[in-house]
Amino acid sequence: MAKNTVCLWYDRDAEAAARFYAETFPNSAIGSVHRAPGDYPAGKAGDVLTVEFSVAGIPCIGLNGGPAFRQSEAFSFQIATDDQDETDRYWNAIVQNGGQESACGWCKDRWGISWQITPRTLTEALAAGGDEARRAFSAMMEMTKIDVAAIEAARRG
């Protein structure tokens, strides 16, 4: 296990979430699945308690802690994409698997984890500053899923 690991709280579906992430994002994998050695408030002995996995190279552990805590937009994974096809692929995988759309390139998966599917051209435009950043930002504010061509047109003015 890595020295620093992101721990994500799930009601009961940590293993299903980890499998989805491993199938969807490159450089993602499932590691160990640990079962509860005894009964606990959210489950019984033998239930999946934790799942070690990585998402795009980030080490994570999913904890089946029960319904006591919910995810929020205060935490999100940001996935940088190179073009519209890659943006669409990740966005559609999340949204069409029981997730939901949000604004400005954000969406949630069916477990409540927030994702920012962010084309590099948008990040580059914002980093450029000035009028280019203002135009790209203004275009982004009107979007749900990011439209790469629209961002690139806004960058050019």
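Values below: every heavy atom of this structure, side chains too, minus hydrogens, waters and symmetry copies.
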Check for a donor-acceptor pair, side chain of [X] on one end and backbone N or O of [Y] on the other, with a separation under 3.5 Å.
X	Y	answer
Asn64	Ala14	yes
Arg35	Gly46	yes
Asp88	Asp85	no
Gln78	Gln116	no
Gln71	Ser114	no
Ser54	Ala29	yes
Asp13	Ala16	no

Problem - Worked check of side chain to side chain contact (heavy atoms under 4.5 Å, CB included) between Val148 and Thr87 - result: CA-CA 8 Å; Val148 171; Thr87 300; 4.2 Å; yes
Exercise for the section: Give every residue pair that meets the ring-ring contact (aromatic ring centres under 6.0 Å, His included) criterion with at least one member in residues 77-102, sequence neighbours excluded. Expected result: Phe25-Tyr90, Phe75-Phe77, Phe77-Trp115
Problem - Contact list for residues 30-61, test ring-ring contact (aromatic ring centres under 6.0 Å, His included), sequence neighbours left out - result: Tyr21-Phe53
Could you see if [X] belongs to whatever hydrophobic cluster contains [Y]? Use Ile, Leu, Val, Met, Phe, Trp, Tyr and a side-chain cutoff under 4.5 Å.
X	Y	answer
Ile113	Val55	yes
Ile58	Ile61	no
Phe20	Val33	yes
Ile146	Ile79	no
Leu49	Phe69	yes

Practice task
With the side chain counted from C-beta on, respond yes when Met140 and Leu122 share a heavy-atom pair under 4.5 Å apart, and no when they do not.
Solution key: yes
Handout entry: Heavy-atom side-chain proximity of Cys104 to Met141 below 4.5 angstrom
Key = yes
Looking only at non-hydrogen atoms, find the nearest pair between [X] and [Y] and report the distance.
X	Y	result
Lys44	Asp39	CA-OD1, 3.3 Å
Ile30	Glu15	CD1-O, 4.5 Å
Ala18	Val51	CB-CG1, 3.8 Å
Asn97	Ala93	CB-O, 3.1 Å
Ala149	Gln84	N-OE1, 4.3 Å

Handout entry: Audit row: Cys107, Gln100, side chain to side chain contact (heavy atoms under 4.5 Å, CB included) steps and yes/no
Key = CA-CA 6 Å; Cys107 57; Gln100 64 185 52; over 6 Å; no
Completion exercise
residues 22-32 vs side-chain hydrogen bond (donor to acceptor under 3.5 Å, both in side chains), sequence neighbours excluded, gives none
Fill in the blank from the handout: Contacts satisfying side-chain hydrogen bond (donor to acceptor under 3.5 Å, both in side chains) that involve residues 126-143 (not counting sequence neighbours) are Asp131-Arg134, Glu132-Arg155
Problem - CZ/Arg12: more than 12 non-hydrogen atoms of other groups inside 6.0 Å - result: no
Practice task
Inspect the contact between Arg120 and Asp82 and indicate whether a charged nitrogen and a carboxylate oxygen are less than 4.0 angstrom apart.
Solution key: yes
Exercise for the section: Would you give the length of the straight line joining atom CG of Asn92 to atom CD1 of Ile94, rounded to the nearest 0.5 angstrom? Expected result: 9.5 Å
Practice task
Would you check, one step at a time, whether the test side chain to side chain donor-acceptor pair (under 3.5 Å) holds for Thr144 with Glu101?
Solution key: CA-CA 7 Å; Thr144 304; Glu101 297 180 342; 4.8 Å; no
Problem - Parallel, tilted or perpendicular: ring planes of Trp111 versus Tyr10, cut at 30 and 60 degrees - result: perpendicular
Handout entry: ring-ring contact (aromatic ring centres under 6.0 Å, His included) involving Phe137 - partner list, sequence neighbours excluded
Key = none
Handout entry: With sequence neighbours excluded, residues passing salt bridge (charged side-chain N to carboxylate O under 4.0 Å, His left out) with Glu73
Key = Lys108
